[in-house]
Structures are given as C-alpha cells and as structure tokens.
Amino acid sequence: MQRSQKTNIAPKGLYPGKAPFLEMTKYEKVPTQVFESSAEASRAVAHDIAELIQQKQDIGENCVLGLATGSTPTSVYNELVKMHQQEGLSFSNVVTFNLDEYFPIEPGALQSYVRFMHEYLFDHVDILKENIHIPDGTLPYELVESFCREYEQKIEAYGGLDLQILGIGRTGHIGFNEPGSHIHSGTRLITLDHITRVDAASDFFEQGNVPRRAITMGVGTIMQAKKILLMAWGEGKSSIIARTVEGEMSESVPATYLQQHENTQVILDTAAAAELTRVKTPWLVGTCKWTGYLAKKAVIWLSQRLKKPILKLTDRDYNDFGMSDLIAEHGPAYNINIQVFNELQHTITGWPGGKPGADDSNRPERAEPAQKKVIIFSPHPDDDVISMGGTFIRLVDQGHDVHVAYQTSGNIAVFDEDVVRFADFFKDLNELHTISNNDGTQLYQQVKSSIEKKEPGATDAKMVQKIKGLYDGGKPRLPVAMWALQTKKPIF
Ligand code: F6R
C-alpha cells in the first residue's frame, strides 16, 4: 500500500492554454498545477517565460515582465540564467518591472530587492540597464506618490505587463498588497503586516530592523497583466494556497482576487498543494485508488469531521462522504473501522526505544535491541524539550544513552534589549553578593556599548552572540550561566 497520489499531480509543462476541466479540481477557482518538486515546477515556469521572450523576439517586440523577489522565484531565475548562458536565450528585448521594494532602504543593503534582482538575474543576463524598473526605496517620503503614479504610467507606456510572476505571503499578500487591499488598488506606499515582518525578520537579523513600509504595485496593477503565474513551495504555504484557490474571494486574502483574472495559473509543489481538496481529501472529488494509507487517512478524517469515534462510523457515514467505493471494496464499515482502529492502536507504545523481551509481532515495541544510543537533533535549543520532552525523559528513564545535538545556538532569535537587561541584572547580582564586582560591571558595559554601536541589521559582536546563545537555550538560565562563565564555577 503506497503513499503516492500521483494521479493528482500535474504533467511536465504548464497548461498551454485554458486549463482542462477535471472532476478532481472542481473546487478550484483558479487553474492550478501541482508538480512533484519546486525544482521541476521552477523549470516549467522558466521555460514558459523563455518561450514568451522568444516569441516576442521573433515578432520584434519587447517582452514586459513583472518580477517578484523572495525565496520562491530564485530557482526560476537560476534556470533563466542557465538558459541564457547555455542556450543563448537573450534578454535584449526584455523590460522588467519589479513588484515591490522595502521603504526606506538603500539599494546596496543586504535585504534590498534591487540587490536581490541583480544578484539572482540581472547581473548574469544581457538585459539593458534602462529596461530595469524597481520601486525606489531611497525616495524622500513626499516624492513617493508621484513616483508610484509614474511607475504605473511607465508600465502602460510599454503596453502593460505581458507576464507577471508572483509568490504569496502567509497573509495572502501578492506583491506587498496586504489584507485589506482593494482589488483596484494601484502602486503605492503600504504598511507591512505584522506577520510579513515576522517572516522577514531573519533576513534583517531581527524583527525590529524590518522596515515598516514598502512600495508595492497594486492589486489592480497586477490584475492588468496579460498573464499571471503565482508560485508557492513548501508546507508553510499550503493553507493560504487552499484559501486562495478554493476559498471565497475576499479582501482578507488579496491573492483570491486572482480568481477573477482570465489568465492566471497557480503553480505548486506537492507540499504547497497539501491542503487542496484533491490532495487532502481526494475521495470528495472523484474515485480513488484505495491504498491502505489513503483508507486510514480517510477514516481518521471522517471520524474527526463527524466528531464520532472510529468504531462508531456507519456505512451511511462512509457513503455520505464520497467513500462508497471504499465500503464496496473493503466494507462493511464495521470491518474497516476495526482495521484502522487496530492500526492506530498499534502505533502507541510506552517504549519508544524498544522493550526488552516484548512480543513485537503485532506492536511497535522492538524486543531487540533494547538499549540504544539516541541522538535528538534539536534545530533550535529548546525544540528538544518543547516538541518531545516526554519522550526525552522516558528514553533516559528506560536506560538509553541519550544525547542532544543542538544545531544552532539560537542567538539570532534574542532581542538586543534582553541581553542588555540580563547583563545589567548580572552586574547587580554580582554587586549584591560581591561575587566579582569588576567583572560584572565591565561585562555590562561591553555588552551595552557593543549593542549601541551596532548598525541596524548588522551581526552582533562574538561576545554578544555567545551571551544570546546562552539566553535562547532556555530564557531563565542566562543569569546563572553568565555567573558560571565569569566565575568559572560549576552551576551545580
Ligand atoms: C516579493 C513579493 C512577495 C513575496 C512573498 C513570498 O517581491 O512580492 O509577495 O512573493 O512574500 O515570499 P517568499 O517567496 O520569500 O516566500
């Protein structure tokens, strides 16, 4: 019984014209294609763009592209660069308009979209400098409005966007059109949503450094593009994609406006498609090949949907929710219920590392070997305890040799003011107990001055990084750890 649901996954290229109607896509309000991987999807998108550039070249016209930044389109740009370098694809007739830019920001800043576009695309292809347009993050505030108007006029003067590529934010933003944006909105200065700033925090090393505003093309500007490709990769995008593709059109998810566009396609990898009906609950949209995996998934879903214990599900319940063929093949409900219930029951064990001498024929407890060397990989210090603390303790209690590998110190997740506050606390604690007065005051002053001197977005001094690393491993342990560090005394 296999996990694959390949029948619901798309062919190699993008739909050449109108998407075919398929029963399995009946809840989808925008033509949507799902690829096995983002690499494969990016190749298909890059080929689509290259074809358009070529077609326009053949008839002696410019190809006007609306471009996006962020992690989503980077592989598309890599592919285009490859096509330029290896297959001679020329960008000499390409005119580009970028969706957005932070405001304010210098073009040379690490996080600037000007810099991004040059690094990923423009510096590696033969595009003419004068054909590149990116909103200007350096403008004085009072000039932004007229700049935005001119940006729109320039797009119009080139005959509009032939193709707009888009990513999507967790808020459902396209460009930086955050929830609340109007369908006819034009290029303008906007305030970034809190979630968008949280998502950008790692690029800026700290959320406080993320600009509060950005200049973005409007939804109306995007909607005037002749063709739109919205891409999304990864599980993190799956729920906003389901709302975009299957939900009601609403200003609270600006990407849903694309449902009204005549020529939009949504391009996904399998992870980003996970919440679409055809992937999540395929029995609701057509006949299924009932693998054991799919049957189990369907039964659990049905029980949650009806808020009924698995053992109480009836034939009628199955029939009402598109699973009559499951009943026909493996029914009655009673048999399927028992089978799935037993399977679930057998995944529960109090002995995750194996139980000495257990009968393991029907349960996950392994009789041999009982003693194991266990390494818990914790991407961030505290993930081990938060996500599997109970198992952690149990493994130790059961005598396994348990180690934790912390994969980062976690220092970048700590705010400057916290480290200053704790250095201050440490100084006072030292004074109070006259442990090592000089050291405490000196350390506090070093931390404070290093943070005061730091440019926004710059990395911390090594000493501050180390302290932040201690802090993030478990907030309250910092003062104690600092004391141990300074006095070189063991904590316990
Ligand atoms: C970027 C842009 C944004 C991003 C979106 C997704 O120019 O307009 O809408 O496309 O925030 O960002 P990533 O691709 O980094 O997930």
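Position 1 is the first residue of the sequence, and the numbers go up from there. Just so you know, these numbers use all the heavy atoms, side chains as well, and skip hydrogens, waters and symmetry mates. Atoms within a ligand are numbered from 1 in the order they appear, just like the ligands themselves.
- A salt bridge is defined here as a Lys NZ or Arg NE, NH1 or NH2 lying under 4.0 Å from an Asp or Glu carboxylate O, and Glu145 with Arg188 fails to meet this definition.
- The aromatic rings of Phe425 and Phe422 lie perpendicular to each other, with more than 60° between the two planes, well past the 30° mark.
- Note on Glu28 versus Arg278: salt bridge recorded, some NZ/NE/NH1/NH2 to OD/OE distance being below 4.0 Å.
- Pairs of residues two or more places apart, or lying in two chains, that qualify as salt bridge (Lys or Arg N to Asp or Glu O under 4.0 Å) and include a residue from residues 190-199 are Arg170-Asp199.
- For Tyr120, the OH atom sits in a loose shell: 12 or fewer heavy atoms of surrounding residues, nucleotides or ligands are nearer than 6.0 Å.
- Protein residues having a heavy atom under 4.0 Å from any atom of ligand 1 are Ala68, Thr69, Gly70, Ser71, Thr72, Leu99, Asp100, Gly167, Ile168, Gly169, His173, Gly175, Lys237, listed by chain and number.
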Check: For Ser112 and Glu101, what are the C-alpha separation, side-chain angles and deciding distance, and is it a side chain to side chain donor-acceptor pair (under 3.5 Å)?
Finding: CA-CA 7 Å; Ser112 146; Glu101 173 62 297; 3.2 Å; yes
